[in-house]
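So the structure is just underneath, and the comments pick up after that.
Read the numbers this way: they start at 1 and go in the same order the structure lists the ligands and their atoms.
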Amino acid sequence: MIPQDFIRSALAARHVVVLTGAGISAESGVPTFRDAQTGLWARYDPQDLATPEAFERDPGLVWSWYEWRRELIAGARPNAAHQALARWQRQRDGVRIVTQNVDGLHARAGSREVIELHGNITRTLCSRERREVADWAAPAAGAAPTCPACGAYLRPDVVWFGESLPMAALEAAVQAVRGADLVLSVGTSSLVQPAASLPYEALGNGVPVAEINPEATSLSERVSFSLRGRAGEVLPELVNYLESG
Ligand code: OAD
């Protein structure tokens, strides 16, 4: 049940920022990172797969792991939570989505102008020139493909631990939060910086923050509204209320 005071805040808000994490894609069958049983980091060590050092050490292993994730995501579909946010954006202006996810499911649900803080797994870069590469020769089994222009290994266009975020995306996210009069944090453990600092920026500006998560997080005791539930359940209910105004 969504508290009436939150619905009133959402109805009155003119500039909403929705910060999403892996939890919003969990109901699409895309693994999260830190969920105890199914999270990627429960089964793999991020230091072996999601760092520049890991790629340097074994580009074929890192490339193959991202290929596995890419195929899994290609077979996934946006769920009711992604669709509810896209509906909210169609219903009215002023709803911005800032995501830590690299799965592209918000855009596939029809959301517009999604700010991708950690990149997008469907894009491939030359690891040396850092420009996008669309076609390449198939690599030998277990090897990473190489750039047709310079021969360097190709890599996914995602942020690895120890790498900085795309500046334009981070700047856009900070500006959006600074201009917000309501922020939602959906499906994130609120642990990874700098994304995790965005809700605190809003709270520091006296802007209400709502958290949608079946579990408590480090943010939970600070938020204005704590909606303990699955994104695929809470967001459609919220947008239905907002549609009936
Ligand atoms: P986590 O796996 O750390 O957290 C997922 C959160 O989603 C947890 O708090 C879960 O309780 C919650 N959750 C699970 N199912 C949910 C559901 N159906 N509805 C709502 N919430 C649900 O994932 P993130 O917080 O996104 O970094 O992780 C942040 C970053 O750490 C990722 O972007 C990635 C990772 O290392 C990079 O790729 C750079």
Side-chain angles (χ1 to χ4, degrees), residues 2 18-55 62 65-66 68-70 72-73 76-85 97-106 109 114-123 125 155-166 169-170 173 184-200 209-223 225-238:
I2 300 180
V18 186
L19 172 66
T20 67
I24 200 169
S25 297
E27 292 161 86
S28 296
V30 179
T32 61
F33 292 92
R34 295 169 184 83
D35 280 344
Q37 303 311 319
T38 57
L40 289 171
W41 301 152
R43 293 181 287 157
Y44 303 99
D45 181 344
Q47 297 309 320
D48 294 340
L49 292 165
T51 63
E53 295 74 20
F55 185 70
V62 173
W65 186 66
Y66 278 92
W68 168 74
R69 285 180 63 193
R70 216 192 305 256
L72 185 141
I73 287 164
R77 296 168 54 76
N79 64 55
H82 299 107
Q83 287 156 3
L85 291 181
I97 297 172
V98 175
T99 189
Q100 301 169 87
N101 300 340
V102 297
D103 57 32
L105 288 177
H106 285 301
V114 179
I115 298 171
E116 295 179 315
L117 291 175
H118 293 163
N120 186 311
I121 201 169
T122 62
R123 289 193 300 266
L125 300 179
R155 58 166 285 173
D157 183 11
V158 299
V159 176
W160 282 331
F161 287 99
E163 292 187 322
S164 43
L165 273 60
L170 181 56
L184 279 73
S185 174
V186 182
T188 178
S189 55
S190 293
L191 290 173
V192 173
Q193 295 298 349
S197 61
L198 292 172
Y200 291 98
V209 174
E211 181 181 55
I212 298 174
N213 196 319
E215 315 279 335
T217 72
S218 51
L219 182 65
S220 298
E221 71 267 10
R222 297 288 309 279
V223 294
F225 308 98
S226 183
L227 310 177
R228 216 24 106 251
R230 291 181 296 103
E233 173 185 20
V234 174
L235 282 174
E237 188 186 340
L238 171 65

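Side-chain contact between Leu72 and Pro31 is present, with heavy atoms from C-beta onward closer than 4.5 Å. Within the 4.5 Å cutoff, the side chain of Glu215 has no heavy atoms near those of the Ser220 side chain.
The two residues Val158 and Tyr66 make their nearest non-hydrogen contact at CG2-CE2, 3.7 Å.
Note on ligand 1: Asn213 sits in its first shell, one or more heavy atoms being nearer than 4.0 Å.
Atoms of ligand 1 lying under 4.0 Å from at least one heavy atom of Ala26, given by number and element, are 15 (N). Here is the list of ligand 1 atoms found below 4.0 Å of a heavy atom in Gly21: 26 (O). Taking every non-hydrogen atom of Trp41 and a distance limit under 4.0 Å, the qualifying atoms of ligand 1 come out as 35 (C), 36 (O). Here is the list of ligand 1 atoms found below 4.0 Å of a heavy atom in Phe161: 36 (O). Near Arg230, with a cut-off below 4.0 Å to any heavy atom, the atoms of ligand 1 are 18 (N), 19 (N). For ligand 1, the atoms sitting less than 4.0 Å from at least one non-hydrogen atom of Glu215 are 11 (O), numbered in the order shown with element in parentheses.
Of the listed residues (Pro31, Gly187, Ser218), the one carrying the non-hydrogen atom nearest atom 6 (C) of ligand 1 is Gly187. Among Leu191, Thr188, Asn79, the residue whose heavy atom sits closest to atom 25 (O) of ligand 1 is Thr188. If you check each of Pro214, Gly232, Ala231 against atom 22 (C) of ligand 1, the one with the closest non-hydrogen atom is Pro214.
Annotation: Thr217 places no N or O atom under 3.5 Å from an N or O atom of ligand 1; distance criterion only. Ligand 1 has a nitrogen or oxygen under 3.5 angstrom from a nitrogen or oxygen of Glu27.
Here the rule is side-chain hydrogen bond (donor to acceptor under 3.5 Å, both in side chains) with Thr99, and of Thr20, Asn120, Thr188 only Thr20 fits it.
Regarding atom 17 (C) of ligand 1, its nearest protein heavy-atom neighbour is Gly23 O, 3.3 Å.
Contact annotation: for His118 versus ligand 1, heavy atoms closer than 4.0 Å belong to the side chain alone.
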